[in-house]
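Computed over heavy atoms, backbone and side chain alike; hydrogens, waters and symmetry mates excluded.
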There are 2 protein chains.
Amino acid sequence: MLHLTFRQLSVFESVARNLSFSRAAEEMHLTQPAVSMQIKQLEENIGLPLFEQLGKKIFLTEAGKELYHYSRIIAQQLLEAESVLSELKGLERGKLNISVVSTANYFAPQLLARFCTDHPQIKVSLNVGNRESVLKQLHDNEIDLAILGTPPEGIDIEAYPFMENRLVIIAASGNPLADKPAIPASRLQNEIFIMREQGSGTRLAAEKYFSSHSVQVKTGMEMSTTEAVKQAVQAGMGLGILSLDTVLLEVETGRLKVLDVEGFPIIRHWYLVHRQNKRLSSVAEAFKSFLLRQAQ
Amino acid sequence: MLHLTFRQLSVFESVARNLSFSRAAEEMHLTQPAVSMQIKQLEENIGLPLFEQLGKKIFLTEAGKELYHYSRIIAQQLLEAESVLSELKGLERGKLNISVVSTANYFAPQLLARFCTDHPQIKVSLNVGNRESVLKQLHDNEIDLAILGTPPEGIDIEAYPFMENRLVIIAASGNPLADKPAIPASRLQNEIFIMREQGSGTRLAAEKYFSSHSVQVKTGMEMSTTEAVKQAVQAGMGLGILSLDTVLLEVETGRLKVLDVEGFPIIRHWYLVHRQNKRLSSVAEAFKSFLLRQAQ
DNA sequence: TGTTATCATCATCAAAAGCTTATGGTATAT
DNA sequence: ATATACCATAAGCTTTTGATGATGATAACA
C-alpha cells in the first residue's frame, strides 16, 4: 500500500510546477534541503524516481508526470471538499430534514418557505406523516427536527413550544349552534362529534375536556385525516374539534363555523422537537432559532 | 487550509463504512481509542462534527456524508495512481521516446517493431531528424535515447555501438565499374561522387577515406537526403557512398550495384546514445539492453 | 577560469503523531 | 437492576516527521 502524506504531495506538486527544488522551497517557505528530503521520501515510498537532474535543470520522469497528474486531481478534490465543508459550516449550504404531523401541514410549509427565502441555497426535505411515523423517524435519527402538537413522553427528547395551537369546535354553517354566543359545556351533551383516530393529540385533548366538564358526547365517527373530519362536519354529520390553523380557510369562507363554547379555544402549543444530544446541523440550528423567534 | 492526513481519512472511511468505531478499530488493527483520536483530530481540523452518537448507534452528520464522498474519491485516485506507478515500475506500461538520424530510419522501425511485439502495452514515440536536430533533442532532454552513426563529442554522453554500419560505394547498374572485382582506390580518381551535406557522419568517413588514400574525387553534388543520393546515383549522375542498410532494397532488385573497392566496406557502427546520468525509464532501459543484445 | 546556481547529504534537534492501557460515562438489552 | 456494548478521555511512551544550518558536488555561465 502506498503511504504518501499530503505534505509530500503538495511539496511534490510545487516542485513539479516550478521544475525547481529551490523555487518550491521559497514558495513553501522552506529551506531547500527540506524539499529535497520530502521528495526523496516520496520517491522511496513509491519506489521510482520522480525527477531527474541533468545539469542545472530538473525534469519530471515518466513516473513523475503520472504522479503530477494524480496529485493535481487529489489537490483539486481536497479544495472542493474544503469549500463544501466550509459552506456547511456557515449557512450557505446544507439540508434540513424535518417531519411534521399531518395537522401541522397546514402551516409548516409557509414557515419553511419563509426560512428558505432567507437561505436560498439550503435544501429542505419535508416529511408529513402521522404522529407515530414521525416519532419513529425521530427515533431512527432519520430527521433532524419534528413538529408535533404534543411532545412525546420519552426522556430522550427536547421539545420547544413555538406557536399557539388553538383547538376549536367547528360546525357546519347551518348548525343551530353556529353564531350562538357563550355556549355552556353542558350544551354539548349528546352532540355527535367527528373525531380523529385514537392516539391523536387533538383527540386526547378533547377527551380530557369532555371528562373534566362531565359531558358525554357521541364519538362514533373516527376519521384518519383532518381533511376527512372537515368534510364530514361540513356535510352536517356532527361537530368537530380541530386546530384553528387547519380550518382557517373554511372559516373565512363561511363553510365552517367556530363555536363559542365555554372553555374554548383550548390553548395548546405546537412543539419543535429533536432528540436529546442531537448534534443539529447549522441549518437545523438556524431553523430552530427561526421558529423560536416566532414564539414571541 | 485543510490539513488532513491520509491516515485520518482512511480511518474515517472505515468508521463511516462500518458506522462503528469499534468495528473500524478491528478492521485497521487498532484499539478503539486510537480510532476515536483520529476522528477527533479530523473533526478538529475541519471544524465540524462528522459523526453523532445517539444511544449506541452512530450516524454520519451532513458534513460526514460530504467528507465520506470525497474521501472515497481520493482513495480511489490513490489506488489508481498506485497501480499506474507499479505498472511503470515493471515493463507493463510506459513510453519510449527515441530519435534516430534519418539514415537509421531504414532499419530502426523494424527494431522497434520487434521490441513492441514483446511489450504490447508500451507506447513508442519515434522521431526522425538530421543529426543536428537529434543532438538538440538529446541536449534538451526531450528524448530518452537516440540512434546515431557517430557518437557526439560532448563528454556528457554515453554511446553504445550495437550494430555494424557498413559504408559502401554504390553505382548505377549500368556503370562500367559495376561487377568489377577488387577495384583499387586509385581507380576512383576524378570520379564524380554524390554526397550528403557537410557534417553528415557518412560524409566525414568518406572524406577521411579519400584523403588517407590520396584520391581526389569530384564532390560537387550535395544532397540533403539519403533518398536523393540514391536517386541521383541510380540516374547515373555519379557514384555514392552510403550505409549498406539504406540501399539493401535497391541492391537486391539490381537497381544499384555495390562496388568492390579497396578498403570497402568501411566498417563503422550504429550507436545507441543517451545523456550521461540520465535516469532511463524501465522501458528505455529495456530497449537499450534489447539493442545491445543485438550487438552479439 | 572562476563564479554562480542548484541539488544532495549529514548531523542534530524539537515537535507531533500515533499507540496502548486504564478508566469513565451512557444508553440499550436482559 | 445488572450486564453489556460503545465511545470518550487521560496519561505516558515510542517513533516518526519535518526542519535547520553547514557543507559538498556538479554543471552552466560569463
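Rounded to an integer number of Å, the gap from CG of B:Asn45 to P of C:dG18 is 10 Å. Between B:Phe6 atom CZ and C:dA17 atom C1' the separation is 16 Å, expressed in whole Å. Here the C1' atom of nucleotide D:dT26 and the CZ atom of A:Phe21 are 15 Å apart, to the nearest Å. The nearest whole Å value for the distance from the NE2 atom in B:His3 to the C1' atom in C:dA16 is 10 Å. In this structure, B:Ile157 atom CD1 and D:dA27 atom P are separated by 13 Å, rounded to whole Å. For A:Arg23 and C:dC7, the CZ to C1' distance is 12 Å, given to the nearest whole Å. To the nearest angstrom, P of C:dT6 lies 15 Å from CZ of A:Phe51. Atom CD of A:Gln8 and atom P of D:dA19 are 11 Å apart (whole Å).
No side-chain donor-acceptor contact under 3.5 Å links B:Ser281 to the backbone of B:Leu96.
Distances were taken from every side-chain heavy atom of A:Ser36 (C-beta onward) to each of C:dC7, D:dA19, C:dT20; the shortest belongs to C:dC7. The side chain of A:Lys40 has C:dT9 as its nearest neighbour among C:dT9, D:dC7, C:dC7. Side-chain proximity of A:Met37 to D:dG18, C:dT28, D:dA28: nearest is D:dG18. The side chain of A:Arg275 lies closest to C:dT28, out of D:dG18, C:dT28, D:dT20.
Annotation: of the two residues near DNA chain D, B:Ser20 and B:His139, the 5′-most nearest-nucleotide partner is B:Ser20. Comparing B:Pro33 and B:Gln41 along DNA chain C, the residue whose closest nucleotide (by nearest heavy atom) sits nearer the 5' end is B:Gln41. Nearer to the 5' terminus of DNA chain D, by closest-nucleotide assignment, is the contact made by B:Leu19 (compared with the other of A:Val11 and B:Leu19).
Taking CG of B:Leu138 as the reference point, atom CG of B:Leu148 lies at 7.0 Å (rounded to 0.5 Å).
Side-chain atoms of A:Gln32 and base atoms of C:dA8 include a donor and an acceptor less than 3.5 Å apart.
Contact between the side-chain N/O atoms of B:Arg7 and the OP1/OP2 oxygens of C:dC19 is found at a separation under 4.0 Å. In this model, the phosphate group of D:dG18 is approached by a side-chain N or O of A:Gln38 to a distance below 4.0 Å at OP1 or OP2. Applying the 4.0 Å criterion to OP1 and OP2 of C:dA5, one finds that A:Ser22 has every side-chain N and O outside that range. Residue B:Thr31 has no polar side-chain atom (N or O) positioned under 4.0 Å from OP1 or OP2 of C:dC19.
Classification of A:Arg203 and A:Glu207 as a salt-bridged pair holds, one side-chain N sitting under 4.0 Å from a carboxylate O. A salt bridge between B:Glu43 and B:Lys40 is absent, with no side-chain N of the basic residue lying under 4.0 Å from a carboxylate O of the acidic one.
For the pair A:Arg72 and A:Tyr68, the distance from NZ or CZ to the six-membered ring centre is under 6.0 Å and the angle to the ring normal is within 45 degrees.
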